[in-house]
Structure formats: structure tokens, C-alpha cells
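These notes concern the structure reproduced below.
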There are 2 protein chains.
Amino acid sequence: MADSQVEGAAGVRVAADALRDSLARGDLAPGQRLVEGDLAEMYGVTRASVRAALIDLTGEGLVERIPNRGARVRVVAVEEAVAITECRMVLEGLCAARAARAATDDEIASLTALGDQLGAAVADGEPLKYSDLNRELHRRIRDIAAQPVANQVLDRLNAQLVRHQFRLALRPGRPQVSLREHLAIIAGIASRDPEAAEAAARAHVASVIEALRQTDTA
Amino acid sequence: MADSQVEGAAGVRVAADALRDSLARGDLAPGQRLVEGDLAEMYGVTRASVRAALIDLTGEGLVERIPNRGARVRVVAVEEAVAITECRMVLEGLCAARAARAATDDEIASLTALGDQLGAAVADGEPLKYSDLNRELHRRIRDIAAQPVANQVLDRLNAQLVRHQFRLALRPGRPQVSLREHLAIIAGIASRDPEAAEAAARAHVASVIEALRQTDTA
DNA sequence: CCAGCAGAGATTGTCGACAATATCGCACAC
DNA sequence: GTGTGCGATATTGTCGACAATCTCTGCTGG
């Protein structure tokens, strides 16, 4: 979505990318005020550029803008994170089903290999590597599904969850549960069974919702 | 999403609302160029306001903006309309399932009454009234589902489909098919059967996809 | 006759300054 | 001591002008 190759300054792009990065990395605390003037000086662009970038990010649901009162980092309550993940559930289900229909032999082989790597990462107790492979798997499935609209919506939704995903990643025992679910999704796609793939994907995200709810009290 | 109560001028709001209206009513042809200066003069606001509004609408997927080359009304090909509707399918399914869980007796009675009205509209051959009731039904279900994220995403997706929905509404024989599907959704919710409601909602939107594909050649 | 190039016009991107609005602290009245 | 109104400050919204970029037209050369 965000074009990458930039040669000229393109103030608004600089500001938007910098902000997006800061948000994705969690450098900015949720609820923190985003003062146009400060950001402009910080990133070396004009206020107009920062302004445009903020409007842009507001559209992506990353920042909240109140008229005449400025912008702040949008804070997503656990409750809303659950709602977002519910939507992810059905959309990832859609992608899994489509992937089961569209996958080539090569792609299935690649997914299966990825599943093996996932298993190895869990066995070796490498949660960080597992997390990376996890993302890779989801991305791969969505690529195979070739559903640009669903992909775009999922990107938007995921971007709003960075903070919660972070908290989720370090829950002990989670990888073991997650692994089984992931393998089920891969199996569904590999056997070209759209309904099984969709059901597995939904079951997986449903378990994420359950875990999310538990972080509420934890 | 768009705040409604406005008293002052608030240039950007004026511009954004005016543009949104024009797009929703189909006054602007798809692909038409949107020149900032012209729009500014047309709506009596400054170019900066128009600019902000255009960035806003770009985020909503209504306008396409190419750096240094300006904005134009986004044209959604039938192919993309199908992709959008696929996403609608699973999201409306989610809402229907949630509605089946959450509906109160009063809400079910209200839905049933709406179903009767729909049947009457078809029997009387009033496609316009049917279309209105149709929208009302979908809105009502989403209200009951109380899933703000899904609602927001659906609003965005629907806004991108105005042109295609228009073409779809006047297909002869469509109301008869559509009515049965709608009644099935209502029945699923009324019997508080989430799976039936979801299946019915998905079947309904799936038939919309089918109809959409046929307009491609028609 | 067609390809390539240069210039003019149009349009977007950027900038700095000004106006409008909200927030906060303080004095004052009760 | 508490609540209310006023003024100072900070921040956003708006404006007009300038710079950068793109598009289109017409000309030149092969």
C-alpha cells in the first residue's frame, strides 16, 4: 500500500512513513498527543506535510483526530481488539478457503515446508523465530488467495493490533497451541478442501480471541 | 464515522461531505479528474480544505490519488466489485451470526415485520420500495450484531459499490430471488441459530456475486 | 509521414503567516 | 473553601503565494 521507492524529499511521504514506523515499533505510547509542530520539526518537514500524513493515518485507523483538538495515537481497548480479531477471523477464513482452491503444487509444497519449520521452531523453543514464521505463513496464504480487497482490509486491521500482538507473543504455552492450528490450516489447503481450510483458519483466530480476552485480566 | 452535527463552517467538513454526497449519488463519473482548484471554487472553500478532504476520501477508497498527478474518482472494475462483495459476504455472515445470538424478542419481532413488508413490496412490484427495505434490513441486522469494526468496514466497502449496486437493483426477477434469501436470514436469527443465520447471509451475498458477474457481460 | 524534443500551460506540493479555537491557570466573588 | 469567569498560552485550521512536477501542443529533423 505504501510506496517505498522514494528519491526526492516528498515531505508527506517522509512524515507518513516515519510515523507509521514509530507506531508499528511501539515507540509512541497509545494516547500520546501528536502535535503537528513538534512532529514537523522532528522529521524535518513542514507542518502541512505532517498534517496530510496525520489525516492519512487517521484513515488507516492508527491515529485519532479530534477537530480543533489535535491528533493522538489511537488506543484500542482489549474489547475493540477482540472485535477487530473477529473480523480477521472471517476474512482469514475467506483467504484460507480461496487458497485451498487456488494453490498450485509448488505452493502447497512450500506451505508444508513452512509448517515443518514452524514445528522445529517450537521444538527448539524459539518463540521469536516462531513469530516470524507465523507471520510468513499468514502472508503466504493471503498471497495464494489473491484477494486484494481482503488483503488490504486485513493489513489495516493488523496494523491496529501491534500492541496487542506484542503482548500475545510472549504468552507461555501459546506456540504449542498455535502450532496445531496452523498445521490444520496447512493440511486443509494441501488437501484442497476449502471448507476444512476455512474452518481451521477460523478456529485458529478464534483461539487468538480467547487468548486476547485472557490478557485482559492477566 | 463522519460526525454529523456541524454548526460552524469547518471548510474541510463541507468539502468532504459535498464530495461524499456527489460520489454516493453518482453525480461524478468514475475516472473523472478531481482538480483541487475547481472543487475549492465550486464548494466555496480553500484548496487546503479540498486537499484534506481528498486525502480523507482516498483513505475510504472512494478516490484515487496519484502523487503529483492529482485525484480522480476511483473506478472499481466488476472484478474488484466481486472481490469486495466476497469480503462483504463473510462480514455480513459474521454480523448475522452475532445478531442471532444477541437479538432480543422485540428485535426479532421487528425483523419479522420487516420481512413481511419485503414480501409485500415484491408482491406489489415496487422495486424501489423493496430496495429501501432491503437496505433497512441489512442495517438493522448490523445494529443488532453490535460489531462496530465489522460495521465500519462494511460501510467502507459498500460506499465503493454504489455504481454497481445501482446496476444491480434494476435487474428483473432479482427481487424474487433476493426475497427468499432475506427471509432465510431472518428465520435464522429468529430461531437464534447463529450457524443458520450466517449460512443464509453468506448464501445471499453469494447470489449477489453471481448477479454481479452476470452484469459483466450483460 | 513519424519520432523526438522543447516550451507553455495547468496542476499539485510546499511554505510561512495569520486567524480561530481549545486548554490551563489565576484572580475574584460567594 | 469552593465555584465561576477571565485572560494568557498553546495548538489547530485556514489562507494566499511560490516552487516543483506533469501534460499537452507544436515544431524540428530524419
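This structure is a prediction, so every number in the text was calculated from the model and none was measured.
Distance CZ (B:R72) to P (C:dT12): 11 Å, rounded to an integer number of Å. When rounded to the nearest whole Å, the span between CD of B:E41 and P of D:dC15 equals 14 Å.
Under 4.0 angstrom from either OP1 or OP2 of D:dG13 there lies at least one side-chain N or O belonging to A:R51. Residue A:R65 has a polar side-chain atom (N or O) positioned under 4.0 Å from OP1 or OP2 of D:dG13. Within the 4.0 Å cut-off from OP1 or OP2 of D:dT14, not a single side-chain nitrogen or oxygen of B:R13 is found.
Nearer to the 5' terminus of DNA chain D, by closest-nucleotide assignment, is the contact made by A:E36 (compared with the other of A:E36 and B:V45).
When distances are taken from the side chain of B:R47 to each of D:dA17, D:dC15, C:dA17, the shortest belongs to D:dA17. Side chain of B:N68, nearest nucleotide from D:dT14, C:dT12, C:dT14: C:dT12. Nearest to the side chain of A:V12, among D:dT14, C:dT12, C:dT14, sits C:dT14. Here the nucleotide nearest the side chain of B:R33, chosen from C:dT12, D:dT14, C:dC15, is C:dT12.
Residue side chain A:R69 does not reach the base of D:dG13 through any donor-acceptor N/O pair under 3.5 Å, judged by distance alone.
Salt bridge present: B:E198 and A:R202 bring a charged side-chain N and a carboxylate O closer than 4.0 Å.
Between A:Y130 and A:H182, the ring planes are tilted. Angles from 30° to 60° get that label.
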Working for side-chain hydrogen bond (donor to acceptor under 3.5 Å, both in side chains), residues A:E64 and A:T58: CA-CA 6 Å; A:E64 193 176 19; A:T58 303; over 6 Å; no

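Contact annotation for A:L54: no contact, since no heavy-atom pair falls under 4.0 Å across all strands.
No side-chain donor from either of B:Y43 and B:S49 sits under 3.5 Å from a side-chain acceptor of the other.
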